[in-house]
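All values reported here derive from a predicted model rather than from experimental measurement.
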Amino acid sequence: VAVATAVQPQAEPPRTPVAKVKSTVELLGSLTETASKRRKIDQSLGDMAEGMKDRGQQRSDFMQYMLLAEERRERARQEENERREAREREDRDERRRHDERMMTMLMSLLQGRNRVQE
């Protein structure tokens, strides 16, 4: 005759008060360790965010510097163009005055020659 024995699920052995305290201490240690890891992760994420913010500010500062530099270059180009145009005007005026003096001198020479011929 075979006797069937029911397989009982393995229940945890009854805990002694010392085992319960020990288990609770281990659980608290594990939770503390997890909380510490989370704080470190949060700190790392905060540092990364701050670093990204700093890089963003540096990028913004650099872009502002580049815009100011471009404005200075543009202003320098405009000033140089204005100086060049002023020099060209002065040169044209000087050539015109020289041409007028030469024409006046030629006219007086021609008038003098005409008088001599008369």
Gap separating the [atom1] atom of [X] from the [atom2] atom of [Y], nearest 0.5 angstrom:
{"X": "Glu71", "Y": "Gln78", "atom1": "CD", "atom2": "CD", "value": "10.5 Å"}
{"X": "Arg55", "Y": "Glu50", "atom1": "CZ", "atom2": "CD", "value": "10.5 Å"}
{"X": "Glu26", "Y": "Leu28", "atom1": "CD", "atom2": "CG", "value": "10.5 Å"}
{"X": "Arg83", "Y": "Glu90", "atom1": "CZ", "atom2": "CD", "value": "12.5 Å"}
{"X": "Glu100", "Y": "Asp93", "atom1": "CD", "atom2": "CG", "value": "9.5 Å"}
{"X": "Arg89", "Y": "Arg84", "atom1": "CZ", "atom2": "CZ", "value": "10.5 Å"}

| task | Give a yes-or-no answer on whether the side chains of Asp47 and Gln43 include a donor-acceptor pair shorter than 3.5 Å. | result | yes
| Can you find a side-chain donor-acceptor pair between Asp61 and Gln57 that sits under 3.5 Å? | yes
| If you count the non-hydrogen atoms of other residues, nucleotides and ligands that lie under 6.0 Å from CZ in Arg59, is the total more than 12? | no
| said: Can you list everything that forms a salt bridge (charged side-chain N to carboxylate O under 4.0 Å, His left out) with Arg75? Sequence neighbours excluded, please. | reply: none
| field | Thr34 side chain vs Ser30 backbone, donor-acceptor pair below 3.5 Å | value | yes
| Would you say Ser36's side chain and Thr32's backbone share a donor-acceptor pair under 3.5 angstrom? | no
| task | Determine, for Glu70 against Arg77, whether the closest basic-nitrogen to carboxylate-oxygen distance falls under 4.0 angstrom. | result | yes
| Beyond-backbone contact of Arg38 with Ile41, side-chain heavy atoms, under 4.5 angstrom | no
| Contact summary for Glu80 and Arg87, nearest pair of heavy atoms | OE2-NH2, 3.6 Å
